[in-house]
Amino acid sequence: MDSVARKPVGIYYDPRLERAGMEFLYGVKEDIKSFLNSPQVEGLTFTQLDYDTVQNFVKTLGILIMLQDVIPYTLFDAEYIDLFSLSNNLGRFLNAGGILLWMGDVPFFYRLRCYEKGKLPSDPLSQFREKNKWMSNLKFMEEHLHFTEVDERTCFRDIIGTSYITPSMDSRYMPFRTEYLKFLDLSGICYSEREVDSNPTIVGKLLGYSYSKAMRPVKASHNLIPLSTTKLDFTTCRGTYYPSWIREVGKGYFVRVLDHPSPGIEEVRGAVDLVMKLGRVQGLID
């Protein structure tokens, strides 16, 4: 890791990519903007990051707070063959001792990638439809590609669940049983269509985490430190699940909180306060 003098806390929020880069947190975007303009977390100073600048931030140690819940390629720059390794910007950042705070929808279910003009077909959506008309979920895919023009580039979601979309608009299948960052299995997540109640664990209480709603919890695992738990009895999801949790990755930590489409800005501030406590324990901030 390079040693560069900078603020040790970075917040990823790119207003150019709201439509394509937010799923669950879209409803609180105006509150998030106010939070960025006037943060009310004691002692917090930060660097605001966008699609282009986040890749340099994670070359040194610090805390990265994600306020958009679609991961950008510049942060997770893994090609198809290397998706489940730590050989990417985020993997190296965590492995060396950084902390990432993830709020909102399921991590890694979507990824956003931008291409310079000329790298994609002239009408990428029509090309996608033609090449993938065999898909049973074609309508869902079309609705979630979210082609967006940004600074002479075209951005879209090149990972949607089990599909990896190439620049030529071909779709490559990905197994639903995943191991993102060597641990996160998307097949272990309960994709509920309604919220359920959850309860903080002793670790959650010690860190001041009390959020009690969930929609996309992950199956309980000894590899995760739960901040909250819930008991499910659905047709496809039964047993103990963790809506919010911490996972150690190398010397660093991946923290997943606010598993709900509409957390308030006070919950967002509370989540940031939680990760500041971890950052102090980790020695990343004073």
Side-chain angles (χ1 to χ4, degrees), residues 19-28 66-72 76 78 83-84 100-112 132 135-146 156-165 171-201 204 209 211-247 254-263 267-268 271:
R19 176 176 176 271
M22 302 182 81
E23 196 73 10
F24 276 24
L25 294 173
Y26 194 80
V28 293
M66 300 294 292
L67 287 183
Q68 283 172 303
D69 57 353
V70 173
I71 200 162
F76 184 63
L83 285 175
F84 304 146
L100 179 134
L101 176 66
W102 185 276
M103 300 183 230
D105 211 344
V106 178
F108 302 100
F109 193 89
Y110 302 107
R111 183 176 71 178
L112 183 72
N132 299 281
M135 278 187 166
S136 60
N137 62 340
L138 182 59
K139 182 175 175 58
F140 175 88
M141 295 293 294
E142 290 178 2
E143 291 174 347
H144 288 80
L145 284 166
H146 287 300
F156 68 96
R157 297 178 182 183
D158 75 329
I159 292 177
I160 300 177
T162 58
S163 296
Y164 182 101
I165 316 301
S171 176
R172 301 184 65 179
Y173 176 75
M174 292 163 47
F176 201 44
R177 186 175 294 279
T178 58
E179 201 174 24
Y180 286 112
L181 297 179
K182 308 300 288 185
F183 82 92
L184 184 57
D185 183 1
L186 296 190
S187 70
I189 292 170
C190 183
Y191 295 85
S192 171
E193 294 304 317
R194 62 179 177 84
E195 69 179 32
V196 296
D197 293 328
S198 64
N199 297 297
T201 63
Y209 187 77
Y211 198 64
S212 60
K213 301 297 182 183
M215 281 191 74
R216 302 286 191 267
V218 65
K219 188 73 173 175
S221 166
H222 69 278
N223 293 320
L224 302 176
I225 301 169
L227 297 171
S228 61
T229 65
T230 186
K231 294 279 190 180
L232 300 182
D233 191 19
F234 300 156
T235 302
T236 56
C237 310
R238 286 192 171 94
T240 301
Y241 281 73
Y242 299 161
S244 300
W245 41 264
I246 300 172
R247 164 69 187 208
F254 190 108
V255 184
R256 190 263 194 277
V257 296
L258 300 186
D259 171 28
H260 191 266
S262 302
E267 284 77 28
V268 171

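Position 1 is the first residue of the sequence, and the numbers go up from there.
Residues forming a salt bridge (Lys or Arg N to Asp or Glu O under 4.0 Å) with R177 (at least two apart in sequence, or on another chain): D185. For H146, there are no ring pair (Phe, Tyr, Trp, His ring centres under 6.0 Å) partners at least two apart in sequence or on another chain. Y211 is linked by a ring pair (Phe, Tyr, Trp, His ring centres under 6.0 Å) to nothing, counting only residues two or more places apart in sequence or in another chain. Residues meeting the ring pair (Phe, Tyr, Trp, His ring centres under 6.0 Å) test with F156, sequence neighbours left out: Y115, F147. Evaluation of the ring pair (Phe, Tyr, Trp, His ring centres under 6.0 Å) rule for F183 yields W245 as partners, not counting sequence neighbours.
Atom CG of N199 sits about 11.0 Å away from atom NZ of K231, to the nearest 0.5 Å. We find the CG-CG distance between L67 and L101 to be 8.0 Å, quoted to the nearest 0.5 Å. Of the inter-residue distances, the one linking C237 atom SG with L232 atom CG reads 6.0 Å to the nearest 0.5 angstrom. Note that CG of L258 and CG of L25 are 7.5 Å apart. Values are rounded to the nearest 0.5 Å. A distance of 8.0 Å separates CG of L112 from CG of D158, quoted to the nearest 0.5 Å. Rounding to the nearest 0.5 Å gives a distance of 5.5 Å between CD1 of I71 and CE of M66.
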Problem - Evaluation steps, ring-ring contact (aromatic ring centres under 6.0 Å, His included), between Y110 and H144 - result: CA-CA 9 Å; Y110 302 107; H144 288 80; 5.8 Å; yes
Problem - Verdict with reasoning, F76 to Y180, per side chain to side chain contact (heavy atoms under 4.5 Å, CB included) - result: CA-CA 10 Å; F76 184 63; Y180 286 112; 3.7 Å; yes
Exercise for the section: List the steps, then state whether side chain to side chain contact (heavy atoms under 4.5 Å, CB included) holds for I160 with F140. Expected result: CA-CA 10 Å; I160 300 177; F140 175 88; 3.8 Å; yes
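Taking both residues in full, the closest heavy atoms of A271 and V257 are given as CB-CG2, 3.7 Å, listed atom of the first, atom of the second, then distance. What you find for C190 and Y241 is that their closest heavy atoms are CB-CE2, 3.7 Å. Residues G104 and R256 approach most closely at O-NH1, 2.9 Å, considering heavy atoms. Considering all non-hydrogen atoms of both residues, R157 and A20 come closest at NE-O, 3.0 Å. What you find for P226 and T201 is that their closest heavy atoms are O-OG1, 2.6 Å. Looking at every heavy atom in both residues, E267 comes nearest to P263 through OE1-C, 4.0 Å.
The side-chain heavy atoms of L224 and I246, taken from C-beta on, include no pair separated by under 4.5 Å. Within the 4.5 Å cutoff, side-chain heavy atoms of F108 are placed close to those of L184. Within the 4.5 Å cutoff, the side chain of I165 has heavy atoms near those of the M141 side chain. In this structure, S192 and F234 have side chains that are in contact, with non-hydrogen atoms separated by less than 4.5 Å. Using a 4.5 Å heavy-atom threshold, the side chains of V255 and L100 count as separate. In this structure, M174 and L83 have side chains that are in contact, with non-hydrogen atoms separated by less than 4.5 Å. Between M215 and V196 there is no side-chain heavy-atom pair separated by less than 4.5 Å. Counting only heavy atoms from C-beta outward, the side chains of S163 and M135 approach each other to under 4.5 Å.
Ring geometry, Y191 versus F109: the interplanar angle falls from 30° to 60°, so the pair is classed tilted. The aromatic rings of F254 and W102 sit parallel to each other, their planes meeting at less than 30°, with 60° as the upper class boundary.
Of the possible donor and acceptor atoms, one in the side chain of R111 sits under 3.5 Å from a partner among the backbone N and O of A78. For D69 (side chain) and E23 (main-chain N/O), a donor-acceptor pair under 3.5 Å exists by modelled atom type. In this structure, the side chain of T178 engages the main chain of L186 through a donor-acceptor pair within 3.5 Å.
For the residue pair Y209 / S244, a side-chain donor-acceptor distance below 3.5 Å is found, with atom types taken as modelled.
Note on residues 212-226: pairs passing side-chain hydrogen bond (donor to acceptor under 3.5 Å, both in side chains), not counting sequence neighbours, are D197-K213.
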